[in-house]
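To keep things clear, I will list the structure first and then write my remarks on it.
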Amino acid sequence: MTLTVLSVASEVFPFLKTGGLADVAGALPGALQSHGIGVRTLMPGYPVVMAGIDPGAETVWSDESFFGGPARILAETRHGIDLLVLDAPHLYERFGGPYSGPDGVDYPDNALRFAALSKAGALVAQGALGGWRPDIVHAHDWQAALTPVYLAFSNAPRPRTVFTVHNLAFQGTFRYTVFPQLGLPDSAWSIEGVEYYGDVGFLKGGLHAADAVTTVSPTYAREILTSEGGMGLDGLLRGRGDRLVGIVNGIDTSVWSPETDPVIAKTYTARTVRERRHNKRALEGEFGLRREDGPILAVVSRLTWQKGLDLVAEIADEIVSLGARLVVVGSGDRLIEGAFLAAHARHPDRIGVRIGYDEPMSHRVQAGADAILVPSRFEPCGLTQLYGLRYGCVPLVSDVGGLADTVIDANFAAQRAKVATGFVFGPVTTDALLEAVGRLLDAYRDDAKWRTIQTRAMAFDVSWTASAALYAALYRDLLNE
Ligand SMILES: Nc1ncnc2c1ncn2[C@@H]1O[C@H](COP(=O)(O)OP(=O)(O)O[C@H]2O[C@H](CO)[C@@H](O)[C@H](O)[C@H]2O)[C@@H](O)[C@H]1O
């Protein structure tokens, strides 16, 4: 049976991306096609998205007064994605990023901006686009979390709903005063609705209202049931019982492929992995690093407490004294940015730092560095270690969430069983991180051992194949209930 899905997300690669959500929302629809599932994707009409819209795109819905101004939905297929764009200039036509202005401060009307996205999702789900009604609505993260809430509190027939939480740390909590502007019935101001300790909780509402909740790895799905990992929502999540499942992310292996990647100096496969040296030389040039025999360790990330990168900054001198070099691409916390810039100033030809966001550079780093460091304090899934596996940029990760589910530590047993794909450490401390860096450097010095880990990493299946099948099965289970 052909099944139709409406996906609602605030970011979709390649139209707009600030993090991993965009990669998932951009790649999952294509992966579901082979399961007979057709996905339409609704996202906000941010300026960069509107700039790329085909002038001939069809207006499939409009409203003169939608959350304070005129709005319409434009439909077009772009980059193979069946896209619905919510064009509402009073909400989305802003200077700055999707969530905050150039000053880094959140827009004061974010509650309305994303209530509007969610409401548009609910309207489409209930037939606003003429005859089209999806079988399933799949909403992502707090920005779309009210879609299942609007649907749960509507009296009209509605499709089944799935809500995916990519990161429990971002909850979309707003003052209770916004509640009357959301257009929800009074009954939604309750523990069954969006009320959250006296405020409005978008994420909380979605986690409660959706027919099924997923998160992006089995280990994270367990971690968020504990008071340490639940960020205040563990009680609610425990109450969802078997309605909460963890499905590990895949990656778009057509975008992330060392065999065909157009932005790297030299393409390669596991068989020709020695060709990576050309990419390493190019990376040294790009970052002004001294040419040496030792490995290049790399970071591509938001520089935040979650990602544990303060620990990498702390051991930067040791990394250099152990004979390795470091490349960092990222932005975020000013203190962590400053710590990396200071480390670069101390070792200008051994530590390269780019503060900023640069998608092509992230490919060149994965293709040219020897190892990617992901020492997160918590990590729902993590995508950079998956890119690392695919590119033979051996991952060194902490033993949490999706990192633990996707990397096999090169310990004695794993090496003997021929399954090791990287290095895993815990707890998340500088001592444990340094110990793992030491093990990685030992392995790097043993050429045969390193090649074995590297090529096995490249053979690990990081595609969407297995996980798309799990989403397909979940959708069908919901429809069969
Ligand atoms: N400076 C920079 N330049 C270029 N590219 C950069 C960059 N900084 C980050 N990126 C890219 O942004 C993405 C980040 O994805 P992650 O999954 O690592 O984390 P994020 O916390 O955003 O996502 C959340 O959602 C995803 C998706 O479910 C989960 O995997 C994750 O655990 C969860 O925290 C990667 O594609 C990475 O390459």
Side-chain angles (χ1 to χ4, degrees), residues 7 9-14 16-28 97-99 138-144 163-171 203 214-221 223-224 229 231 246-253 255-256 261 263 286 298-309 327-333 336-337 340 352-367 369 372-391 393 395 397-398 400-407 462 464 467 471:
S7 170
S10 160
E11 303 182 14
V12 182
F13 185 84
L16 179 115
K17 168 172 168 180
T18 72
L21 163 66
D23 289 317
V24 174
L28 184 55
Y99 315 117
H138 189 160
H140 296 268
D141 270 354
W142 75 264
Q143 299 92 341
F163 178 63
T164 296
V165 54
H166 294 264
N167 192 338
L168 209 60
F170 300 110
Q171 301 196 349
L203 186 75
T214 74
T215 188
V216 288
S217 69
T219 296
Y220 190 62
E223 289 169 349
I224 58 179
M231 303 200 168
I247 300 177
V248 81
N249 287 332
I251 63 172
D252 187 333
T253 48
V255 174
W256 290 92
D261 195 324
V263 303
E286 188 165 1
V299 165
V300 179
S301 183
R302 291 187 287 117
L303 303 178
T304 61
W305 184 87
Q306 173 196 342
K307 301 290 182 183
L309 295 167
V327 159
V328 177
V329 181
S331 65
D333 187 322
I336 304 177
E337 291 180 359
F340 279 122
V353 178
R354 283 291 184 287
I355 300 301
Y357 188 93
D358 188 329
E359 189 80 23
M361 189 182 278
S362 72
H363 286 238
R364 294 196 294 272
V365 169
Q366 297 280 10
I372 186 92
L373 307 182
V374 195
S376 306
R377 291 189 168 88
F378 68 93
E379 195 61 74
C381 179
L383 296 173
T384 40
Q385 84 281 9
L386 303 181
Y387 303 140
L389 289 166
R390 179 102 169 116
Y391 278 63
C393 187
V397 305
S398 54
V400 301
L403 302 173
D405 289 336
T406 53
V407 179
V462 290
W464 269 106
S467 295
Y471 278 110

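First listed ligand is number 1; within each ligand, the first listed atom is number 1. Every value quoted in this text rests on a predicted model; they were computed, and no experiment measured them.
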Ring centroid separation F163 to H138 under 6.0 Å: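 For F163 and H138, the ring centres are not under 6.0 Å apart.
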Check: Y387 ring centroid to W256 ring centroid under 6.0 Å: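 Judged by ring-centre distance (under 6.0 Å), Y387 and W256 do meet the cut-off.
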For ligand 1, list all ligand N or O to protein N or O distances below 3.5 Å, rounded to 0.1 Å.
{"residue": "ligand 1", "atom": "1 (N)", "partner": "G356", "partner atom": "O", "Å": "2.8"}
{"residue": "ligand 1", "atom": "3 (N)", "partner": "D358", "partner atom": "N", "Å": "3.0"}
{"residue": "ligand 1", "atom": "15 (O)", "partner": "G20", "partner atom": "N", "Å": "3.4"}
{"residue": "ligand 1", "atom": "17 (O)", "partner": "L383", "partner atom": "N", "Å": "3.1"}
{"residue": "ligand 1", "atom": "19 (O)", "partner": "K307", "partner atom": "NZ", "Å": "3.1"}
{"residue": "ligand 1", "atom": "21 (O)", "partner": "R302", "partner atom": "NH2", "Å": "2.5"}
{"residue": "ligand 1", "atom": "21 (O)", "partner": "K307", "partner atom": "NZ", "Å": "3.0"}
{"residue": "ligand 1", "atom": "22 (O)", "partner": "G20", "partner atom": "N", "Å": "2.9"}
{"residue": "ligand 1", "atom": "28 (O)", "partner": "H166", "partner atom": "ND1", "Å": "2.6"}
{"residue": "ligand 1", "atom": "28 (O)", "partner": "N249", "partner atom": "ND2", "Å": "2.8"}
{"residue": "ligand 1", "atom": "30 (O)", "partner": "N249", "partner atom": "ND2", "Å": "3.3"}
{"residue": "ligand 1", "atom": "30 (O)", "partner": "G382", "partner atom": "N", "Å": "2.8"}
{"residue": "ligand 1", "atom": "32 (O)", "partner": "E379", "partner atom": "OE2", "Å": "2.5"}
{"residue": "ligand 1", "atom": "32 (O)", "partner": "P380", "partner atom": "N", "Å": "3.4"}
{"residue": "ligand 1", "atom": "32 (O)", "partner": "C381", "partner atom": "N", "Å": "2.9"}
{"residue": "ligand 1", "atom": "32 (O)", "partner": "G382", "partner atom": "N", "Å": "2.9"}
{"residue": "ligand 1", "atom": "34 (O)", "partner": "N167", "partner atom": "ND2", "Å": "3.4"}
{"residue": "ligand 1", "atom": "34 (O)", "partner": "Q306", "partner atom": "NE2", "Å": "3.4"}
{"residue": "ligand 1", "atom": "34 (O)", "partner": "E379", "partner atom": "OE2", "Å": "3.3"}
{"residue": "ligand 1", "atom": "36 (O)", "partner": "K17", "partner atom": "NZ", "Å": "2.8"}
{"residue": "ligand 1", "atom": "36 (O)", "partner": "D23", "partner atom": "OD2", "Å": "2.8"}

Donor-acceptor pair between [X] and [Y] side chains, under 3.5 angstrom:
{"X": "H166", "Y": "D141", "result": "no"}
{"X": "Y99", "Y": "S10", "result": "yes"}
{"X": "Y220", "Y": "D405", "result": "no"}

Among V353, I372, V365, side-chain contact (heavy atoms from CB on, under 4.5 Å) partner for V327: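 In the set V353, I372, V365, the residue that makes a side-chain contact (heavy atoms from CB on, under 4.5 Å) with V327 is V365.
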